[in-house]
There are 4 protein chains.
Amino acid sequence: MNTQAGDKVNQILDAAFQVFGTQGFYETKMSEIAEQAGIAKGTIYLYFSSKEELYKAMTERDFQRYLEELHKVVSSEGSFEELLTRIGRHHFYYYLERKEYTRVFFQSPNNDPNMWKMLRAFLQEYVSLIEQLMQRERLQAPHDLALVFSGLLDSFKMEILHSPEMGKEQVEKRISFLVQLFLKGCYELSE
Amino acid sequence: MNTQAGDKVNQILDAAFQVFGTQGFYETKMSEIAEQAGIAKGTIYLYFSSKEELYKAMTERDFQRYLEELHKVVSSEGSFEELLTRIGRHHFYYYLERKEYTRVFFQSPNNDPNMWKMLRAFLQEYVSLIEQLMQRERLQAPHDLALVFSGLLDSFKMEILHSPEMGKEQVEKRISFLVQLFLKGCYELSE
Amino acid sequence: MNTQAGDKVNQILDAAFQVFGTQGFYETKMSEIAEQAGIAKGTIYLYFSSKEELYKAMTERDFQRYLEELHKVVSSEGSFEELLTRIGRHHFYYYLERKEYTRVFFQSPNNDPNMWKMLRAFLQEYVSLIEQLMQRERLQAPHDLALVFSGLLDSFKMEILHSPEMGKEQVEKRISFLVQLFLKGCYELSE
Amino acid sequence: MNTQAGDKVNQILDAAFQVFGTQGFYETKMSEIAEQAGIAKGTIYLYFSSKEELYKAMTERDFQRYLEELHKVVSSEGSFEELLTRIGRHHFYYYLERKEYTRVFFQSPNNDPNMWKMLRAFLQEYVSLIEQLMQRERLQAPHDLALVFSGLLDSFKMEILHSPEMGKEQVEKRISFLVQLFLKGCYELSE
DNA sequence: GATGAATGAGCCTTCATTCAT
DNA sequence: CATGAATGAAGGCTCATTCAT
């Protein structure tokens, strides 16, 4: 793929991210994406064979970026607690950037098996990265802990639904809270 | 609403639960629900003004039941650990019963504000119930802990996606794991 | 199929015959057929699953009628020459009634195998009917003669293309001419 | 038109013949023709103003070649019977070479009047050539006989639809059969 | 109240044609 | 001359909703 074609592809994916992200798969019209991308409807089909395919590609790119950043975080220097905090920060800002998108995180086309395959692959890699961290800390049941920690992080989703506006300070407090809980359990928390 | 009308309403809601639950909002046709309910398409509109309305009513009833059961659990006798375990069990089996539904948990009609209002109300009440439990245990930051605990429970969703088949034994182990982590943090776990 | 449904089906088939007949399969829009039938676009799909299906059904009904009439003709009393004449008349008026339709006689959807199967079945039955006549006359190679005679009749198609307007008298002359040729060959014709 | 341009034109017409011939006018995409011709889509439009125009040009060239060969046949030495046989052979092999094309012989764009004008002109010339032959034999009603003979030849189309595979021997038998019938009528045939 | 035939707005996708390079 | 990326009009089909019976 040469530069121009790549540019167009990304231009479309950016538009798709915007529109799918705010409206969800089903409420999005291809014409809206085209308009957002500043191109004609038909042009999308030069690069993506269908609406489903476009959605999948868009999500895939997004997940890929998420994983790349997560990878950097996990590989960075720091204590266990610091790393957990960074992961939390990463996760939170990911949701925050996608505010509306968050709502429809799981609102993908139901019946596209490719979509599900891709989603599974993402989750696997995602959990695996966090698992590595647990292993380095020589914790027991690192896989389970990875799952649980990602569950904890996902509680952000609920919080964003509750109170969409959060200051930087508050965010840091939430993250610290989660990490402390994860490390010491509920009794040893001092807010 | 007389008894008969109530019956019909529930009959429709049952069908809606089945079909919406397995196919998601957008992939479900009103005719499928009618067929599942054993009535004619038009009849649905005697009781619900639109597809969105029906979805909302169906979800509302489902959430109501969830809350009722959760209420019983929270009000039941037992140690803090036991109660947390029961809540976990309740949550897990809720997801399990809805297996496919899990997939589309958030796949509600995007643009219906009533839907979002209702969802917010549910979450509020849901968290509030767990918060009470935390308060009774005289924990600090009970609201935050409630949020976090519900986040932990939601990690089941991810596990069901990973490995759809889980025996009773495994389930109990998972729940115990979550509760222990919540109580003592990651270092004091022994699997 | 009750009376009403049958009526609607025929109403649609009539409209389809008109529009497909004059415009051909590809140039016809479903909306035109709906308009011609005085119903809504969607209604057609209650009775026919697709444009191809409708075309096939329309053609099938038309062929069926053709065969029924041909059957009557072949079964009627009269000398061999008289019967051939009647068949010719039948064939000619069939084309004439379909003037425009004639143009597109073979303009069916190319890639629908059902369509081709149906067409083959029609041709087989059609030739078979004429073959019976040849057998009754104890002619040699009745099947081949049937094929050839139908080829002769089809030369009407070409004539209609040449001179679309033909009086009754002229028609009778053409038919007589064809039959005489078939009976005696080209040398014994006296126009 | 210089040699190179002529080459390109013929290159496109050859491709058009292939693709239109097997798929029919409506099912053919300009891009397929371009691909078959080994050129870019846009290039076609340097030589032909539209799909219809290209189809017409392709058909015209094809018909022209048909007429040229037919002319040679009609002008060749031989008895009347021999000439009829050669015409039959020519006609049959024309169809056979176009096997699939046969299917769509009349599947030209419906609403292009130029197309119809051209087709009429072809038929006229075609019949006229055969008519000359009839005149040379001093037959009565040479024009009508020409029409009828061409109708007879067209019965090949039906036979190819019935049994697509025909050996050389069978072909000769069919042709002989047709010619004999034309010469002597149905009673004097011996197969 | 119940029905289900009828409606028609709406959207994905195709593909002939154009035009900047 | 040649290219092929871009265009956008057009149409088949779906399905939530209505309403005469």
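In what follows, every chain begins at residue 1, and chains take the letters A, B, ... in the order their sequences are listed.
Checking the phosphate oxygens (OP1, OP2) of F/dA6, a side-chain nitrogen or oxygen of A/Tyr47 falls inside 4.0 Å. Residue D/Lys8 has a polar side-chain atom (N or O) positioned under 4.0 Å from OP1 or OP2 of F/dA2. At F/dC15, none of the side-chain N or O atoms of B/Tyr26 fall inside 4.0 Å of OP1 or OP2 (strictly under the cut-off). For E/dG4, the OP1/OP2 oxygens have no side-chain nitrogen or oxygen of B/Lys41 closer than 4.0 Å.
The CZ-P distance, from C/Phe25 to F/dG11, rounds to 13 Å in whole Å. Straight-line distance from the CD atom of C/Gln11 to the C1' atom of E/dA5: 13 Å, rounded to whole Å. Taking atom CG of D/Leu46 as the reference point, atom C1' of F/dG4 lies 12 Å away to the nearest angstrom. Regarding D/Met30, its CE atom lies at a distance of 17 Å from the P atom of F/dA5, rounded to whole Å. The separation between C/Glu27 atom CD and F/dG11 atom P is 9 Å, rounded to whole Å. Between the OH atom of B/Tyr45 and the C1' atom of F/dT17 there is a distance of 5 Å, rounded to whole Å. Whole-Å rounding puts the D/Phe20 CZ to E/dA16 C1' distance at 11 Å. In this structure, D/Glu35 places its CD atom 12 Å from P of F/dG4, rounding to the nearest Å.
Using N1 to N3 plus N6-O4 or O6-N4 for Watson-Crick, or N1-O2 and O6-N3 for G-U wobble, each under 3.5 Å, F/dT21 pairs with E/dA2.
The two atoms that bring D/Ile39 and D/Ile44 nearest to each other are CD1-CG1, 4.0 Å, heavy atoms only.
A/Phe25 carries A/Lys51 over the face of its six-membered ring, with the cationic atom under 6.0 Å from the centre and within 45° of the normal.
A salt bridge links C/Glu53 with C/Lys56: the closest approach of a Lys/Arg side-chain nitrogen to an acidic carboxylate oxygen falls below 4.0 angstrom.
Contacts of A/Ser49 with the nucleic acid, taken as non-hydrogen atoms under 4.0 Å apart, are absent.
Ring geometry for C/Tyr26 against D/Tyr26 counts as parallel: the plane angle stays under 30°, on a 0 to 90° scale with 60° as the upper cut.
Checking D/Gly42 against A/Ile39, the closest nucleotide of DNA chain F that is more toward the 5' end is the one next to D/Gly42.
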